[in-house]
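Accompanying notes for the structure given below.
All values reported here derive from a predicted model rather than from experimental measurement. Naming convention: chains lettered A, B, ... in sequence-line order (proteins, then strands); numbering from 1 in each chain.
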There are 2 protein chains.
Amino acid sequence: MKANDREALAPFARKLGRLGTLTPADEALLAALPITVREAAAGQYLVREGAPTTECCILVSGYACRHKVAANGGRQIVSFHLPGDILDLQHLLLPIADHNVQTLTESLVAWIPKPALKRVADESAAIADALWRDSLIDASIFREWVLNVGRRDARSRTAHMLCEFAARREAAGLGSPEEFELPMTQEQIADATGLTAVHVNRMLRALEIEGAITRERRRIRIVDWDRMRWIADFDPVYLHAAA
Amino acid sequence: MKANDREALAPFARKLGRLGTLTPADEALLAALPITVREAAAGQYLVREGAPTTECCILVSGYACRHKVAANGGRQIVSFHLPGDILDLQHLLLPIADHNVQTLTESLVAWIPKPALKRVADESAAIADALWRDSLIDASIFREWVLNVGRRDARSRTAHMLCEFAARREAAGLGSPEEFELPMTQEQIADATGLTAVHVNRMLRALEIEGAITRERRRIRIVDWDRMRWIADFDPVYLHAAA
DNA sequence: CGACAACTTGACGGGCGTCAACCGGAGTGG
DNA sequence: CCACTCCGGTTGACGCCCGTCAAGTTGTCG
């Protein structure tokens, strides 16, 4: 572990602190975790579906997603991730990866051997609770995505994806939900919403024309949050305030 | 707790045993849990979205589902449940319910106060691991459903739902995956697959005509498993062998 | 300045939703 | 014991939302 690596877990530790109350002893346990920080290019795979896993990875900087691929070639993104997110907590207790994890942008990723993280969870009930809570919130977000993809029309789906991204950015302390830069292409938004890139483009334009957002390249400004909330059918309860 | 209530947790304890290795001490802890078993009519709500929760419930007999409702009135079922399943483990650590839990058939439901279950999890690392693993498998199933609803056509989706139900029935020791009785209506299948009841009906007929299944009322016989697996794009890895 | 990825926009078609009618079985009450 | 009701299932006709295809534009990076 290099000197600057000690800083790498700071956003992760902050997130756990939001998920539960950590004592100084807990924070010391986290700080003592053996981590390896590696750079990852945009589009690099961090975990491959079907592969056995020996490490857990945490996103230090940059953006990532998790996805699965159907037999017909369709790809479905099942979640987006921000700095501080654990990218494969499930592999702490499940031996085989059931989906892929891939960066969206150039990123820094901290790798922790599974046994080390498991040991910390066993030693600190507070950390174990925070991790468990994190995976439960993950699951809650998946449920909302099933609803989004299954029962909302294309315009709502697209708007919902934008609202969630804005809300999670803010919750993670990454900046204002009013205006932000999207890290993903329209094709990636399409893969997350179960649409095509062409139709995502049409929906973004529609949101712009009706005055809900403005766009300039990938920079989004949410002009009318109330209207967006209404279009998207967005109720942040499912984020449980800390995602 | 009445005398016959002691038997109520048996399928649940068996399921935890499949998720991890429980010692006799662990089993004693489970057996000592204070439970209340109540009958529930078909269609009864066990948990309401938005409500604070004080108890966890476990399905003893019968079938249930979890679902969310969109602003446009569309309803999305996000999971089906079999005897032995925990219906709202997430509420052990999350204070507000983000979805509804409802029975599909007449059922028996065991209720456990949250603090009691939490205490057992704190006392036994094996039980805590098994519960955590259960919620991770839950999340894995949600991911597969996002893929199913987002990227597969109606015929595959319907077939996938049947394959999953058959596989989970078998894993839970509830009988053969070759032939079984569906506990849900075609409208409920539609709400789970993001389709309409009319189109589910068309797809079931299509599966029957091409010789993949036969039907007699709600009794399904999977005639050609290989073909069904192929149609459904069904790979049970995501069930992690114990759901 | 050429190449390429991402984005944009229009035309067209199909899969699935919608509407509507009918059937069949189970429960209910006279 | 039979008529009535109701829910779930079945089937056809029709239409729309979104996928597909195709052409063009823009910005970026070598």
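Every salt bridge (charged side-chain N to carboxylate O under 4.0 Å, His left out) that A:Arg227 has, sequence neighbours left out, goes to A:Glu210.
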Subject >> Stepwise ring pair (Phe, Tyr, Trp, His ring centres under 6.0 Å) check, A:Phe165 with A:Phe80 >> reply: CA-CA 8 Å; A:Phe165 186 76; A:Phe80 289 122; 7.1 Å; no
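Atom-to-atom, CG of A:Asp191 to C1' of D:dG19 comes out at 14 Å; the value is rounded to the nearest Å. B:Glu187 places its CD atom 9 Å from the P atom of D:dG9, with the value rounded to the nearest Å. D:dC17 atom C1' lies 18 Å from atom CZ of A:Arg152, rounded to whole Å.
At the heavy-atom level, A:Arg218 lies under 4.0 Å from the strands shown only through sugar-phosphate atoms.
The side chain of B:Arg215 places an N or O atom within less than 4.0 Å of a non-bridging phosphate oxygen (OP1 or OP2) of D:dT10.
Comment: A:Asp88 does not engage A:Arg66 in a salt bridge, judged by the lack of any side-chain N to carboxylate O separation of less than 4.0 angstrom. Ionic pairing of A:Arg168 and A:Asp85 is present here: one or more N-O contacts between side-chain nitrogen and carboxylate oxygen are shorter than 4.0 angstrom.
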Between the protein and nucleotides 28-30 of chain D, which nitrogen or oxygen pairs are less than 3.5 angstrom apart?
none

Check: residues 43-51 of chain A side-chain donor-acceptor pairs under 3.5 Å, at least two apart:
| from | atom 1 | to | atom 2 | distance (Å) |
| --- | --- | --- | --- | --- |
| A:Gln44 | OE1 | A:Ala41 | N | 3.2 |

Please tabulate, one pair per line, all N/O donor-acceptor pairs under 3.5 Å involving side-chain atoms of residues 54-64 of chain A, not counting sequence neighbours.
| from | atom 1 | to | atom 2 | distance (Å) |
| --- | --- | --- | --- | --- |
| A:Ser61 | OG | A:Leu108 | N | 3.4 |

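Of the candidates B:Arg219, B:Arg218, B:Arg169, B:Arg215, B:Glu179 forms a salt bridge (Lys or Arg N to Asp or Glu O under 4.0 Å) with just one, namely B:Arg219.
Here the side chain of B:Ser176 pairs a donor or acceptor atom with the backbone of B:Glu178 at under 3.5 angstrom.
Protein chain A touches strand DNA chain C; the 5'-most and 3'-most nucleotides with an atom under 4.0 angstrom of its non-hydrogen atoms are C:dA6 to C:dA11.
Checked by atom type, the side-chain pair A:His160/A:Arg157 shows no donor-acceptor distance below 3.5 Å. Side chains of B:Asp233 and B:Ser156: no donor on one and acceptor on the other come within 3.5 Å. The closest side-chain donor-acceptor pair between B:Gln76 and B:His67, if any, does not fall under 3.5 angstrom.
Within residues 194-207 of chain A, the residues approached by DNA chain C to less than 4.0 Å at the level of any non-hydrogen atom are A:Val198, A:Asn201, A:Arg202, A:Arg205, in residue-number order.
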